[in-house]
Asker: 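Would you mind keeping the following structure in view while I ask a few things?
The structure displayed is predicted, hence computed values, not measured ones. As a basis for the values below, the full set of heavy atoms in this structure was taken, side chains included, without hydrogen atoms, waters or symmetry mates.
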Amino acid sequence: MTLSAFLDPRSIAVIGASRKADSVGGRIIGQLTASFGGPIYPINPNYDTVSGLTAYPTISAIGQPVDLVLAAAAGRQIPTLLKESAESGVQGAVVYSSGFAEVGADGQALQAELIQLVADTGLRLLGPNCLGFANFRRGLTATFTRVPFEVRDGNIAVLAQSGSMGIGTASLLRDDGAGVGFWAATGNELDVSAGELALELLDSDRDAPEVIAMLVEGVANAGAVLAAGRRAAESGRQVVLLKLGRTERGATAALSHTAALAGSYATFVAACEQNGIVVVDTIRQLVDVTRGFAAGRRPKGNRVVIVSSSGGNGALMADTTELAGLALPRPSAALRATLAEALPAFGSAGNPVDITGNLVNDLRPVAAVLDAVGSSDEFDIIAYGTVARTLPEAHREALLAAKGATDKPFLALAHQPDVLSRMAERGLTCFADAAAMIAVAGKLAEARAATRFLDLSGVPRPAEPSIASGDGALPESASAALLGRYGIPVTAEVVVDDEAGAVAAVTTLDGPAVLKIDAGWLPHKSDVGGVILGVRGDAATAAAYARLVGVAERHRPDPHASFRILVAQQVPAGVELMLGMTRDPVHGAVVTLAGGGLGAEIVAESQVSVVPFNRARAEHMVDRLWSGRLVNNHHRGLRPAARQSLVEAVLAVQRLALSEPAVAEVDVNPLIATPLRVVAVDALVVRDGKEPQA
């Protein structure tokens, strides 16, 4: 069943409608009668009429079709009331009541009863423990909270699990002059999730917003959220998302509030990025970035031009461009000449372009400069400062005209709230903070660049698996063999059973050798001295072999635990990386690239992608590690050949993840980047722990 009952119901019944204006049932019926033009049926056996409308004791007593029920009864009564509603043909229900899974065992049992009812009847349910929703485009306010802003149609939808945070976000958007067309609080998300509502809105001919601002805690239906992000991006729209419960402490808070479990935040962010969703960190960022996208313009690249009448504001904006991922190119000689003609002699035709405070005397440079940069193909985004109350109306008109003359995103700085909101209402997107404005420009460029992650047509099909289910880690020799099967370069190595075999193996290698204990029961052998580097010559090899046998004997879990000794070629020093794969309980296989060696856990910066992903995403992981320093702007960064080899290794781990469902974890640490390629020096493959199939 679709969610049309929540977007455009033809008739509504209010269970628990009340004549008491300040009660929950009174507020719902009061706001509904003031906004909704269709039939409204109050349900309350204690009244004959409510708000001038005939009241009914039950849903079945109405005798007319009802699309949507708004239920404000006690939680324990809800299952019975909704069962009757479903039997009467109701398509959707909003349950405002609390006392379900968010309060403990009794509430969880009550929520389980509702889950079964939804499954049995097909009734779609929003909530429980929610504030409801409002479709301002259709004049429908289905909530008991007071809408704390002037209602006006707009191209923004706000979807939140937390009702107070959702209505607060909508209020901040309206304060800044933006228009909100739809708002909903999904509460416990027993059935209808924010992601599903987003998909329904995006598929609507009338209600589709330009941008959807989402606030989620746990993501019970992550697939719908990601599908909505992808659908929005593919249609030129945008989802902007703030995730709550990102840390262990925050996750505990989310559990107590909406009974939703918070998963791995880094993995969730990666999944969002791969599906066109822009992720932010604060409510203020959510509001600012949403307004930036609501203007409806997308940049072609990340080149920003700053035009400012204040040298200080221009410098502040310039300082933040790199952090925002923006380029600040110097204008070409021809464009500088054009700008110089328009500027006063003490202005600057660089980037930032300084039009100086002389604009209070002469506004002509404003129009001329903005016309030149707006029509130039050297920039993708225009950032202007400042719109001020003290400047004449002609200045604002010049900015609006300049914005209308270009198709580039045009962002402006306005410190005064009344100026900011008024200019926003007239079509110019303004921000109170210069750094925040540049950050929004960066998010616009980021979203444009992320569209290259959407095409998954080149993702390979799974190969025939070679690893069976089982418990524990594979020996390193078997792990390395598996990596090699999928195209990850590994060191030359041989497994030996005695001292003579070790001596013979070392003599065949070019350069020094590494000897290691090869046993699945000892996955972290370096921690106990199970690795010896720089071995040369027969005597040293014999001594190393004897030493490792002694270590293995002391640490093996039981006398029957087998082991062998691995002899491998020692790889020359290079950049140490870590490349791995785990399986997330929500998102499935996840590939991670990070710094390697002993500092891998100390320097925890990493790049993550959720399988499946394309080559562009693999390149992004490599190019963005350590904020791009792995491949750019560092004398020890990767050469092009090694970069390409690393990209191929990332894609190879994805192929392994797709093809070997019995592999739960892969850990290549270190993965050494030499001048021409990357080489797996140490490998750990862990199986899924399931019993092997007979």
Side-chain angles (χ1 to χ4, degrees), residues 267 460 462-495 514-528 530-531 552 555-557 561-569 571 576-585 587-594 596-597 600-601 606 608-612 618 621 645-646 648-672 678-693:
T267 298
E464 189 69 24
S466 61
I467 301 297
S469 292
D471 191 16
L474 297 178
E476 184 177 342
S477 57
S479 297
L482 184 65
L483 298 183
R485 181 174 192 254
Y486 289 96
I488 300 173
V490 295
T491 57
E493 61 185 35
V494 62
V495 180
V514 179
L515 271 65
K516 313 176 187 180
I517 299 171
D518 187 36
W521 49 262
L522 189 60
H524 302 294
K525 40 196 172 291
S526 60
D527 293 346
V528 296
V531 179
H555 288 89
R556 59 181 174 179
S562 63
F563 67 91
R564 302 173 78 188
I565 301 301
L566 183 73
V567 179
Q569 183 176 20
V571 176
E576 292 192 354
L577 303 169
M578 185 194 76
L579 178 60
M581 185 276 293
T582 56
R583 298 199 185 267
D584 184 85
H587 300 286
V590 179
V591 176
T592 300
L593 176 66
E601 295 181 4
S606 64
V608 178
S609 288
V610 175
V611 175
M621 292 175 68
S645 178
L646 181 54
E648 297 298 337
V650 171
L651 292 170
V653 172
Q654 173 177 233
R655 290 194 297 273
L656 190 159
L658 289 168
S659 304
E660 303 287 354
V663 173
E665 181 180 349
V666 175
D667 184 11
V668 183
N669 181 24
L671 180 74
I672 301 292
V678 296
V679 182
V681 172
D682 193 44
L684 171 66
V685 171
V686 181
R687 290 173 293 178
D688 55 15
K690 298 177 182 178
E691 288 294 328
Q693 296 294 318

Asker: Indicate the atoms forming the closest heavy-atom contact of S659 with A463, along with that distance.
Answerer: OG-N, 2.7 Å

Asker: Sequence neighbours left out, what passes salt bridge (charged side-chain N to carboxylate O under 4.0 Å, His left out) with R564? Give chain and number order.
Answerer: D497

Asker: Output, in order, the C-alpha distance, side-chain angles, deciding distance and verdict of side-chain contact (heavy atoms from CB on, under 4.5 Å) for N669 and D682.
Answerer: CA-CA 5 Å; N669 181 24; D682 193 44; 5.8 Å; no

Asker: If you measure from CG on L579 to CG on L646, what distance do you get to the nearest 0.5 Å?
Answerer: 7.0 Å

Asker: Give the C-alpha distance, both sets of side-chain angles, the deciding distance and a yes or no for side-chain contact (heavy atoms from CB on, under 4.5 Å) between V668 and V666.
Answerer: CA-CA 7 Å; V668 183; V666 175; 4.1 Å; yes

Asker: So which heavy atom on S562 is nearest to which on W521, and how close?
Answerer: O-NE1, 2.7 Å

Asker: Does the side chain of L482 reach to within under 4.5 Å of the side chain of V663, using non-hydrogen atoms?
Answerer: yes

Asker: Can you give me the closest heavy-atom contact between L684 and A473, atom names plus distance?
Answerer: CD1-CB, 3.6 Å

Asker: Go through the steps to decide whether I467 and L474 satisfy the test side-chain contact (heavy atoms from CB on, under 4.5 Å), and finish with yes or no.
Answerer: CA-CA 10 Å; I467 301 297; L474 297 178; 4.1 Å; yes

Asker: Please report the shortest heavy-atom distance between I672 and V571, naming the atom on each side.
Answerer: CG2-CG1, 3.9 Å

Asker: State whether the side chain of R687 and the backbone N or O of S469 hold a donor-acceptor pair below 3.5 Å, judged by distance alone.
Answerer: no

Asker: Would you call D688 and R583 a salt bridge, taking side-chain N to carboxylate O under 4.0 Å as the test?
Answerer: no

Asker: Stepwise, does the salt bridge (Lys or Arg N to Asp or Glu O under 4.0 Å) test hold for K525 with E476?
Answerer: CA-CA 10 Å; K525 40 196 172 291; E476 184 177 342; 2.8 Å; yes

Asker: Find the distance between CZ (R556) and CD1 (I517) and round it off to the nearest 0.5 Å.
Answerer: 10.5 Å

Asker: Apply the test side-chain contact (heavy atoms from CB on, under 4.5 Å) to residues L651 and R655: give CA-CA distance (whole Å), side-chain angles for both, the deciding distance (0.1 Å), then the verdict.
Answerer: CA-CA 6 Å; L651 292 170; R655 290 194 297 273; 4.1 Å; yes

Asker: I'd like to know if the side chain of S645 and the backbone of V678 have a donor-acceptor N/O pair within less than 3.5 Å.
Answerer: yes

Asker: Do you know the tightest heavy-atom contact between R485 and S466?
Answerer: NH1-OG, 3.5 Å

Asker: Can you give me the closest heavy-atom contact between A680 and L483, atom names plus distance?
Answerer: CB-CD1, 4.1 Å

Asker: To the nearest 0.5 Å, tell me how far M581 CE sits from E660 CD.
Answerer: 9.0 Å

Asker: Any side-chain to backbone donor/acceptor pair from T491 onto V681? Under 3.5 Å, distance only.
Answerer: no

Asker: Apply the side chain to side chain contact (heavy atoms under 4.5 Å, CB included) test between K516 and each candidate in L566, V567, V495; give the one that qualifies.
Answerer: L566

